[in-house]
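Quick notes on the structure that follows.
Note that the structure is a prediction, hence the values are computed from the model and not measured.
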Amino acid sequence: MAKTIVVASGKGGTGKTMFVANLGAMLSELGKKVVLIDMDAGLRNLDLYLGLENNVVYDVYDVLTGVCRIKQAIIKDKEFDSLDFIAASPKPDDGEITPLHMKVLCNKLKKKYDYIIVDAPAGFDDNLQVAIGGADDVFIVTVPEYSSLRNAENMASNLNEQGIGSVYYVLNKVNLKLIKKGLAPELEEIPGIIKDRIVGIIQDDEDIHIATNLGSPIVLNKESYIRHNFEKIAGRILEL
């Protein structure tokens, strides 16, 4: 059954968009048909992470407001045959788009794709409400810092109050050296702070930044242990 996954974060800088790009690539490599939707209007970085910035003509705002048809805004990924992408608007939404618009779009896309992965804006505001309009699951990307973990837990509580029960965590930028020095929370301590399920851990690595700057998902590097992190996460997602 097709599923819409919304990827959110309680604050900026957690690596949310990197996670979206690589999760989509990993699921595509595993044989799933995937479309990524950038709903971070005004910032619009997912096209850069995929190296598709020069291919954007129409965006998700054009689709949701009826300026173009869905297929006109879909961009085929250059590396993965079963991975597609819809870009965000370069300008923030003025309130014209509602959660219902997003729900209708996701339902239409489910007829063609196994997974719709939505890159939501950071924080908890009206723009997030639109992004989660069609959500089946929400993944909150957080980092091993007390403030980020608290923001993630607050976001999960708010989502639960809105009736979204399938909320999961991804712990990104895990630096084992800092943890051993006592400069970051111990991994054993984190589940006590964020009470929902953690579906995966991604270590901090400069190769992630290099891949991002090159517009190429790091999972393309089959020798990278970061790829193995994503293989484990994708495997758990397939079981949800």
Side-chain angles (χ1 to χ4, degrees), residues 4-25 34-65 67-68 70 72-75 77-78 83-99 101-103 105-106 109 115-135 138-143 145 147-148 151-152 154-156 158-159 169-170 172-173 202 204 208-218:
T4 299
I5 295 173
V6 175
V7 180
S9 62
K11 57 183 286 187
T14 64
K16 170 178 58 65
T17 300
M18 179 280 297
F19 176 75
V20 169
N22 282 279
L23 176 62
V34 183
V35 60
L36 310 180
I37 305 177
D38 190 349
M39 288 297 292
D40 203 351
L43 295 179
R44 196 171 114 169
N45 288 322
L46 187 52
D47 56 332
L48 295 172
Y49 282 56
L50 296 169
L52 298 173
E53 64 272 17
N54 294 326
N55 298 55
V56 177
V57 178
Y58 295 105
D59 56 53
V60 69
Y61 184 84
D62 295 325
V63 173
L64 294 172
T65 56
V67 171
C68 72
I70 296 174
Q72 290 177 285
I74 289 176
I75 301 168
D77 187 77
K78 61 186 180 181
L83 179 63
D84 292 342
F85 166 67
I86 301 177
S89 169
K91 297 180 180 180
D93 176 36
D94 58 5
E96 185 176 356
I97 304 303
T98 69
H101 285 95
M102 194 64 188
K103 183 176 182 178
L105 173 60
C106 290
L109 290 170
Y115 287 95
I116 299 99
I117 304 177
V118 179
D119 185 9
F124 199 89
D125 57 18
D126 291 342
N127 292 322
L128 176 65
Q129 300 307 304
V130 172
I132 64 174
V138 176
F139 287 16
I140 301 175
V141 180
T142 186
V143 298
E145 299 173 2
S147 61
S148 183
N151 288 339
N154 289 338
M155 172 172 279
N158 283 321
L159 290 170
Y169 291 101
V170 175
N172 191 29
K173 299 185 180 182
I202 304 168
D204 194 20
I208 294 176
H209 306 292
I210 294 172
T212 297
N213 287 330
L214 293 175
S216 177
I218 194 171

Notebook entry, point to check: For residues 34-59, which residue pairs qualify under side-chain hydrogen bond (donor to acceptor under 3.5 Å, both in side chains), counting only residues two or more places apart or in two chains?
Noted result: none
Item checked: With Ala135 via side chain to side chain contact (heavy atoms under 4.5 Å, CB included) - residues at least two apart ->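 Counting only residues at least two positions away or on another chain, Ala135 forms a side chain to side chain contact (heavy atoms under 4.5 Å, CB included) with Val6, Ile132, Val138.
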Next item on the list: Using side chain to side chain contact (heavy atoms under 4.5 Å, CB included) as the criterion, list what pairs up with Lys11, not counting sequence neighbours.
Entry: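 Residues passing side chain to side chain contact (heavy atoms under 4.5 Å, CB included) with Lys11: Thr14, Glu145, Ser147, Ser148, Asn151.
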Next item on the list: Could you pull out all residues at least two apart from Asp84 that satisfy side-chain hydrogen bond (donor to acceptor under 3.5 Å, both in side chains)?
Entry: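 Partners of Asp84 under the side-chain hydrogen bond (donor to acceptor under 3.5 Å, both in side chains) test: Lys76, Tyr113.
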Search all heavy atoms of [X] against all heavy atoms of [Y] and return the closest pair with its distance.
{"X": "Gly12", "Y": "Ala122", "answer": "N-CB, 3.8 Å"}
{"X": "Leu50", "Y": "Pro217", "answer": "CD2-CG, 4.3 Å"}
{"X": "Met102", "Y": "Val118", "answer": "CE-CG2, 3.8 Å"}
{"X": "Gly15", "Y": "Asn172", "answer": "CA-ND2, 3.6 Å"}
{"X": "Cys106", "Y": "Ile116", "answer": "O-CD1, 3.9 Å"}
{"X": "Lys91", "Y": "Ala41", "answer": "O-CB, 3.6 Å"}

Next item on the list: Can you tell me which residue pairs pass the salt bridge (Lys or Arg N to Asp or Glu O under 4.0 Å) test with a partner in residues 115-127, sequence neighbours excluded?
Entry: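 Every pair satisfying salt bridge (Lys or Arg N to Asp or Glu O under 4.0 Å) with a residue in residues 115-127: Lys16-Asp119.
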Notebook entry, point to check: Yes or no on side-chain hydrogen bond (donor to acceptor under 3.5 Å, both in side chains) for His101 and Thr98, after CA distance, side-chain angles and deciding distance?
Noted result: CA-CA 5 Å; His101 285 95; Thr98 69; 2.8 Å; yes
Note to self: In the structure I gave you, are the side-chain heavy atoms of Ile74 and Ile86 within less than 4.5 Å of one another anywhere?
What the structure shows: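 Yes; the side chains approach each other to less than 4.5 Å.
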Note to self: List the residues meeting ring pair (Phe, Tyr, Trp, His ring centres under 6.0 Å) with Phe139, not counting sequence neighbours, and say none if there are none.
What the structure shows: Tyr168
